Amino acid sequence: MKAVYASNPQKSQGRKYPELGLLYRTEFQRDRDRIIHSTAFRRLEYKTQVFVNHEGDLYRTRLTHSIEVAQIARSIARMMHLDEDLSEAIALAHDLGHTPFGHAGQDALNTCMKPYGGFEHNLQSLRVVDVLEQSYADFSGLNLTFEAREGILKHCSIKHAKDLGDVGKRFINKTQPSLEAQLVNLADEIAYNNHDIDDGIRSGLITVEQLLEVELFAQSHSEVMYKYPKLSGRKVVHETLRRIINRMITDLLENSQQQINENNIQTLEDVRNHSNRLMQYSLEMKQLNQTLKRFLRENLYYHHCVYRMTNRAQQTVQGLFDVFINDERLLPPKYQKNIKKAEKINGIEGRAEVIADYIAGMTDRYATEEYKRLFV
Ligand code: MG
């Protein structure tokens, strides 16, 4: 039984290009399946999460990150009687617009795009599913439901929201997205906090000893050591992390359900019109989570070794952008054609946007190779 305030595929606000319903799959299942079969989804395998793809075979990539997010999102959705398929679809698509080389690539492309309206990766994820995927005879993009698109667009500036029609409205009206969308944001955070600890330790950039200063980690770690005093190495890390994940999910479930009950939420409209998000950690967990995030920022994301890896990435993105904006003849013919079209509508901003599409779509290694072809 679904909750009364869950998203319902039979009451979907629909697709841009109307399609006949299917007998054996719901509209949200169909969204998820289209995402899995997309080109952009396969590219996630070769895009950096934190560690550049070729640094080691065991680190998370955007693809394994997205699968972990989907796993956590499905668990939460099932426990709360929400629509699992919709949550899974949003989770699998949430990073489709990410550039190569993780945050560094992101920041670099953003800097390049500053004079031309900026670059937002959430907006780019939406652009991938709305426009850039080219697989279907009747339309560009994947023609996903409003509900999936709304979930993919996690943040958006007011300036851009105005151009987006239906999915942009909530940023202007300050309303909330569905609970399925809300929970994916948190599943994303639960996934990366924990897998970044795991990858961080594996890489040797952070240590268990350092992490013992972080309360959330220390508490679960001492539980593990109490139960298994002789345990060592990777098993300790994994046993600790699975407890943290479980604790965060449990906290989120209980606290959110309480918010829903206390606010007498009866319909999806109630969810949308509520003054803030109903999916929330308890106050205590919020603080623990903040401390953990700060630790990761200071000790891992800004670690000089990570910075070295990503600094080169920045040069690559910047170099590619500059060379293409100055001479579009260096682009593959398909993009040259797109530039001609985009320039007619949007001038130089249109041209920059096509170049950003090309660069954002690259995998790490494709970007590196392309840079070599042009500069070496
Ligand atoms: Mg993510």
Side-chain angles (χ1 to χ4, degrees), residues 31-32 35-36 38 40-53 58-77 84 86-110 119-129 132 144 148-156 177-200 241 244-245 248-249 252 277 279 281 289-290 292-297 300-302 306 309-310 313 360-364:
D31 283 348
R32 178 202 52 209
I35 291 159
I36 290 177
S38 70
F41 185 69
R42 286 194 296 281
R43 286 189 184 139
L44 294 175
E45 183 173 2
Y46 300 104
K47 288 194 179 199
T48 293
Q49 182 66 24
V50 173
F51 294 88
V52 177
N53 191 266
L58 297 178
Y59 298 127
R60 268 66 172 191
T61 64
R62 288 262 166 221
L63 180 64
T64 57
H65 161 69
S66 300
I67 294 171
E68 290 183 29
V69 176
Q71 180 272 314
I72 292 170
R74 269 200 325 265
S75 298
I76 300 170
E84 274 181 62
L86 178 59
S87 276
E88 187 180 10
I90 297 169
L92 293 174
H94 85 284
D95 273 350
L96 288 180
H98 259 284
T99 61
F101 311 120
H103 284 287
Q106 188 74 22
D107 292 347
L109 193 54
N110 201 3
F119 176 84
E120 296 174 33
H121 71 265
N122 276 294
L123 208 55
Q124 191 68 14
S125 296
L126 187 67
R127 204 169 143 72
V128 168
V129 300
L132 297 178
L144 302 182
R149 296 172 60 236
E150 162 193 68
I152 293 168
L153 193 65
K154 188 160 70 170
H155 311 287
C156 176
S178 68
L179 290 169
E180 287 83 355
Q182 292 184 30
L183 74 87
V184 174
N185 286 345
L186 293 148
D188 185 20
E189 193 179 78
I190 295 173
Y192 70 65
N193 278 340
N194 287 286
H195 66 50
D196 288 351
I197 293 179
D198 189 41
D199 285 351
L241 292 179
I244 299 177
I245 294 175
M248 292 180 91
I249 293 178
L252 180 61
R277 295 192 168 206
M279 294 296 305
Y281 298 120
N289 183 42
Q290 281 311 321
L292 172 59
K293 285 176 86 155
R294 194 176 329 119
F295 174 89
L296 286 170
R297 207 167 38 240
L300 182 63
Y301 307 144
Y302 292 153
V306 173
M309 284 187 280
T310 51
M362 292 178 184
T363 59
D364 291 4

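None of these values were measured; they are calculated from a predicted model. Along the sequence shown, the residues carry numbers beginning at 1. Whatever order the structure lists ligands and atoms in, that order sets their numbers, starting from 1.
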*asked:* Any donor-acceptor pair under 3.5 Å linking the side-chain atoms of D364 with those of T48?
replied: yes
*Parallel, tilted or perpendicular, as decided by the 30° and 60° cut-offs, for the rings of H98 and H103*: perpendicular
*asked:* Using modelled atom types and a 3.5 Å cut-off, is there a donor and acceptor pairing between side-chain atoms of S87 and backbone atoms of E84?
replied: no
*For residues H94 and N122, is any side-chain donor paired with an opposing acceptor at under 3.5 Å?*
no
*Report yes or no: does Q182 contribute a side-chain atom to a donor-acceptor pair with the main-chain N or O of R277 at less than 3.5 Å?*
no
*May I ask you to determine how many protein N/O/S atoms are under 2.8 Å from the Mg ion (ligand 1)?*
4
_Single hit among I244, I76, L186 for side-chain contact (heavy atoms from CB on, under 4.5 Å) with I249_ = I76
